[in-house]
Amino acid sequence: MAEARVTSRKTAGAPPRLKKSERRRQILLELKLRPHVRISDLAERFNVSTETVRRDFDALADDGLVSRAHGGASAPTQGPYPGLDERTGARISERERIGRLAASLVEPDETIMIDSGSTTIQMARALAWQGTRCTVITNSIPVAMTLGHGAQDVIMCPGDYLAAESALVGTETLEFLGRYHVDRCMIGASGFSDEGPSESVRGFAAVKRAMLRRAARRHLLIDSEKFGRKGLTLVGTLEDLDSIVVDRRPGTELSRHLEKAKVDVLVAGP
């Protein structure tokens, strides 16, 4: 009897299948080289179904890392939201007050995650000035530089460099944050409404979500100019927060939603 021959896809020369995280990292790398990638091309390249690649695109789009397009995905545009340098020079007094109050919440020997933003930089400056001994994990280069020469131990996230924000984002950043449990996190946001905090900077929403998941106590640092605004990507709900640190109390409607969600409102006075 003739021996049956079975030719597998692997022996036929198909590429080995990648892990989900590596597949998504490759998609982001591809978008650095060309403006648009197609589902069908990547499915063949990765040796997976088109539905698998479509799920990859949807997950990356939810994190603000790609923009979905017909039959594929494109690199997201930054949009009109001002860059870090421009934001740093605005509403300095309000953000300094918020930063000082947020820094006062940190207890000696705590572990903290701090994300990138103009208000969290002010918080880092206040933390450095008060000299509280703690360990800080951050994706922000300015935050790391501010705290790196004081009483704080700083752990810097890896990732893709976002020059306009002096920050690291992407799948490597998210995987790195997922390895830690911390006492508290301090995050900012582009907007804040009754739906929750939202973000307009590419990749920031995913970093903030990761920090919220890994922290025992979760604080949003937000100045009152952003009340009622909605950024491109929703970070989470009000229930994902323990407190907000603000320069003035929100209006009646937003305050009502915060009270219902049991979120403490900490107002930084002059």
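Heavy atoms only: backbone and side chains are in, while hydrogens, waters and symmetry mates are out.
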Given 3.5 Å as the limit, does a donor-acceptor pair link the side chain of R214 with the main chain of Y180, or not?
yes
So if you build clusters from Ile, Leu, Val, Met, Phe, Trp, Tyr with side-chain heavy-atom gaps below 4.5 Å, do L18 and I27 land together?
yes
Whether the side chain of T120 engages the backbone of I114 through a donor-acceptor N/O pair (distance < 3.5 Å, no angle test) should be reported.
no
In Å and rounded to the nearest 0.5 Å, what is the CZ to OG distance from R54 to S40?
10.0 Å
Taking every non-hydrogen atom, the tightest pair across N139 and S116:
OD1-N, 3.2 Å
Residue pair T171 / F176, side-chain heavy-atom distance below 4.5 Å:
no
Donor-acceptor pair, side chain of D115 and main chain of G188, under 3.5 angstrom
yes
Quick one, R25 and E175 - any side-chain contact, counting heavy atoms below 4.5 Å?
yes
Does any N or O in the side chain of E110 come within less than 3.5 Å of the main-chain N or O of E107, such that one atom is a donor and the other an acceptor?
yes
Treating E165 as the side-chain partner and V201 as the backbone partner, does any N or O pair qualify as donor plus acceptor under 3.5 Å?
no
Determine whether L221 and M123 satisfy the following criterion, side chain to side chain contact (heavy atoms under 4.5 Å, CB included), listing intermediate values before the conclusion.
CA-CA 9 Å; L221 283 52; M123 182 265 173; 3.7 Å; yes
Would you check if the side chain of R97 reaches a backbone N or O of D247 as a donor-acceptor pair within less than 3.5 Å?
yes
Less than 4.5 Å apart, any side-chain heavy atom of T138 and any of M186?
no
By salt bridge (Lys or Arg N to Asp or Glu O under 4.0 Å), which residues pair with R218, not counting sequence neighbours?
D242
Using side-chain heavy atoms (C-beta onward) and a distance below 4.5 Å, is K226 in contact with S190?
no
Below 4.0 angstrom, N of the basic side chain to O of the carboxylate: do D56 and K20 qualify?
no
Determine whether D223 and V246 make a side-chain contact, defined as any pair of heavy atoms from C-beta on separated by less than 4.5 Å.
no
If every non-hydrogen atom of P158 is compared with every non-hydrogen atom of L168, which pair is closest and at what distance?
O-CB, 3.8 Å
First locate atom CD1 of I187, then atom CD of E199, and finally report the distance between them rounded to the nearest 0.5 Å.
9.0 Å
Tell me whether D160 contacts the main-chain N or O of G170 through its side chain, where contact means a donor paired with an acceptor under 3.5 Å.
no
Would you call E44-R38 a salt bridge at under 4.0 Å N-O?
no
List, one per line, each side-chain donor-acceptor pair under 3.5 Å for residues 257-270, sequence neighbours excluded.
from, atom 1, to, atom 2, distance (Å)
H257, NE2, E253, OE2, 3.3

Side chain to side chain contact (heavy atoms under 4.5 Å, CB included) evaluation trace for Y161 with S166:
CA-CA 7 Å; Y161 179 54; S166 295; 4.1 Å; yes
Quick one: does R17's side chain have a donor or acceptor within less than 3.5 Å of a partner on N47's backbone?
yes
Is there a path from I137 to M156 through hydrophobic residues (I, L, V, M, F, W, Y) whose side chains come within less than 4.5 Å of each other?
no
On a heavy-atom basis, the closest approach of V235 and R209 is O-CG, 3.0 Å
Are the side chain of S255 and the backbone N or O of G251 linked by a donor-acceptor pair below 3.5 Å?
yes
Could you walk me through whether E195 and K230 pass the side chain to side chain contact (heavy atoms under 4.5 Å, CB included) test, one step at a time?
CA-CA 9 Å; E195 289 185 306; K230 294 182 179 180; 3.3 Å; yes
Let me confirm one number: the SG-CG distance from C134 to L147, rounded to the nearest 0.5 Å.
7.0 Å
For residues L220 and V245, determine if any side-chain heavy atom of one lies less than 4.5 Å from a side-chain heavy atom of the other.
no
Mind checking whether V136 and D153 have side chains closer than 4.5 Å, heavy atoms only?
no
Does any part of the side chain of K208, heavy atoms only, come nearer than 4.5 Å to the side chain of P197, both counted from C-beta?
no
The reported gap from CD1 in I92 to OG1 in T119 (rounded to nearest 0.5 angstrom) is 11.5 Å
Shortest non-hydrogen separation from P142 to I121 and the atoms involved
CB-CD1, 3.7 Å
Looking only at heavy atoms, which two atoms of S198 and R229 are closest? And how far apart?
OG-O, 4.1 Å
Sole candidate of E30, E22, R23 that passes side chain to side chain donor-acceptor pair (under 3.5 Å) when paired with Q26:
E22
Does the pair L162 and F204 meet the rule for a side chain to side chain contact (heavy atoms under 4.5 Å, CB included), with working shown?
CA-CA 10 Å; L162 201 58; F204 272 17; 4.0 Å; yes
Under 3.5 Å, is there a donor-acceptor pair between the side chain of T111 and the main chain of D183?
yes
With rounding to the nearest 0.5 angstrom, report the CZ to CG distance, R184 to L105.
6.0 Å
Testing the 3.5 Å rule here: is there a donor-acceptor pair between the side chains of E51 and S49?
no
Is there a path from I155 to I141 through hydrophobic residues (I, L, V, M, F, W, Y) whose side chains come within less than 4.5 Å of each other?
no
Which heavy atom in G231 sits nearest to a heavy atom in S200, and how many Å separate them?
CA-OG, 3.4 Å
Can you list the steps and then say if R248 with S224 is a side-chain hydrogen bond (donor to acceptor under 3.5 Å, both in side chains)?
CA-CA 6 Å; R248 66 173 174 83; S224 57; 3.3 Å; yes
For the CD atom of Q122 and the CG atom of L101, what is their distance to the nearest 0.5 Å?
13.5 Å
